[in-house]
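Each remark here refers to the structure printed beneath this line.
Within every chain, numbering begins at 1; the chains are lettered A, B, ... in the order of the sequence lines, protein sequences first and strands thereafter. As a basis for the values below, the full set of heavy atoms in this structure was taken, side chains included, without hydrogen atoms, waters or symmetry mates.
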2 protein chains.
Amino acid sequence: MNSIEAACVERNIRMTRQRKVISKVVAESSGHPNVEEFYELANAINPKISLATVYRTLKLLEQCNIIRKLELGKGKARYEEVDICHEHYHLIDLDTGEIIEFYDEHFKNLKEKIARELGYQLDSYNIELYGRSLKGKEKD
Amino acid sequence: MNSIEAACVERNIRMTRQRKVISKVVAESSGHPNVEEFYELANAINPKISLATVYRTLKLLEQCNIIRKLELGKGKARYEEVDICHEHYHLIDLDTGEIIEFYDEHFKNLKEKIARELGYQLDSYNIELYGRSLKGKEKD
DNA sequence: CTATGTGCAAAGGGTTTGCAGGGGA
DNA sequence: TCCCCTGCAAACCCTTTGCACATAG
C-alpha cells in the first residue's frame, strides 16, 4: 500500500477503486503535478476515472492534510505531498517553470516572529520566489 | 493630475476619458481593491465605462509597472500602487480579510541571499502570511 | 442495505477577446 | 486622419455541482 492510501486508511476514508488509483498516482509522482496531469496518470491505469473525481479526491486529500495545494499565480493549481517534518518554500524558475524547494531556518522563524509582532497568530503562509538561473542554461 | 495619470503621461500612454477616470479611482483608492470595486468606483464617475475596459486598463497599468496585482488565493485579484521606495509584504487576517502591509529588513535581504545561493537571480516574489488576530476582536 | 462516491454534462466565477463603431493626438 | 481604444457579448479556463446510477463496508 502506498503512503497516500495508508494516510487515507488511517483517517477512515472509504477507499473506492478510483481513490486507490489516484492515491497511487499521487504517491508515485514527483515534482508538483497539476490536476490534469494526475488525471492523465490515473487514466493510464483506469480510463474510466473522470476529471471530476480527480478534483474531488484531491480536494479530499487536501482537506485531510495529506497533500498541499500550491496556487502559483492564477493558472492551474499544483500539488505536493504534505511532509510535516520538512517545512519548505518554493523558488520558481521563470524560464523553465521548474519548482525548486528550499528550506531556510531564518525564514521559518522570521515569519512567526513577524506575525506575533503584528498581533497575529500565524496560521499559514505563502512564500514563493521567482527568478532566473545564473547558470547560463538556455532552455525552452 | 493624480499620481497614476502622471505615471501614464510619463510613459506616453494615450489618455482616454476612461483611462483618466480609472487612473483617478486607482490613485484615490486605499486598501487593495479588486477589479469589481474599481469598476463600481469608475462607474460612479462615468456610468458608461465597461468592465472590460477596467480589466484592460488595470492590465496596462500593471505591465507598465504602475500598479501591482496581488493574487491572494484563487479569488479575485487585488491591486496596489507600486511604490519602489517602500518594499513590503502582506499579512492577511483570515477572519476579516483585512490585508496588513509590513516591512522587514531581514526578509528583504534573506530572499535575495537565498535565491543567489540557489544559483538564481531573484526577479520577483510572493510573500504572504495568513493569521488570526490575537486581540480577541470577534468580527464578521 | 444504505450512505457515500462516481460519471457526465452543465454551470460557475473570474478574466479575456473578436468585432464593429468611437475618439485621442 | 489613422490607429488605438472601447463596449458588448461571447468565449475561455479552471473548477465545482446536480443528478441518476454504482458501490464500499
To the nearest Å, give me how far apart [atom1] ([X]) and [atom2] ([N]) are.
X: B/Leu72; N: C/dG14; atom1: CG; atom2: P; answer: 14 Å
X: A/Leu60; N: D/dT16; atom1: CG; atom2: C1'; answer: 15 Å
X: A/Glu37; N: D/dT15; atom1: CD; atom2: P; answer: 12 Å
X: A/Glu71; N: D/dC14; atom1: CD; atom2: C1'; answer: 11 Å
X: A/Ile49; N: C/dC8; atom1: CD1; atom2: C1'; answer: 15 Å
X: B/Tyr39; N: C/dG14; atom1: OH; atom2: C1'; answer: 15 Å
X: A/Ile22; N: C/dT6; atom1: CD1; atom2: C1'; answer: 10 Å
X: B/Asn12; N: D/dC5; atom1: CG; atom2: P; answer: 13 Å

> End-to-end bend of the helix from C/dC1-D/dG25 to C/dA25-D/dT1 (five-pair axes, 10° rounding)?
Replying inline: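 End-to-end axis angle for the helix from C/dC1-D/dG25 to C/dA25-D/dT1: 40°, rounded to 10°.
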> Considering the options A/Arg78, A/Glu37, A/Glu80, which one meets the side-chain hydrogen bond (donor to acceptor under 3.5 Å, both in side chains) requirement together with A/His32?
Replying inline: A/Glu80
Within a 6.0 Å radius of atom [atom1] on [X], are there more than 12 heavy atoms belonging to other residues, nucleotides or ligands?
X: B/Glu87; atom1: CD; value: yes
X: A/Glu101; atom1: CD; value: yes
X: A/Lys74; atom1: NZ; value: yes

> Does any non-hydrogen side-chain atom of A/Tyr55 lie less than 4.5 Å from one of A/Val35?
Replying inline: yes
> So do B/Tyr120 and A/Ile100 actually touch side chain to side chain, heavy atoms under 4.5 Å?
Replying inline: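 In short, these two side chains touch, coming nearer than 4.5 Å.
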> What is the distance from atom CD1 of A/Ile127 to atom NE2 of A/His88, rounded to the nearest 0.5 Å?
Replying inline: 11.5 Å
> Does a side-chain N-to-carboxylate-O contact under 4.0 Å join B/Glu112 and B/Arg116?
Replying inline: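 No.
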>> Across nucleotides 15-25 of chain C, 5' to 3', mark each nucleotide with B, S or - according to how protein heavy atoms within less than 4.0 Å reach it.
In response: BBBB----BBS
> Could you walk me through whether B/His90 and B/Glu128 pass the side-chain hydrogen bond (donor to acceptor under 3.5 Å, both in side chains) check?
Replying inline: CA-CA 5 Å; B/His90 301 97; B/Glu128 300 141 21; over 6 Å; no
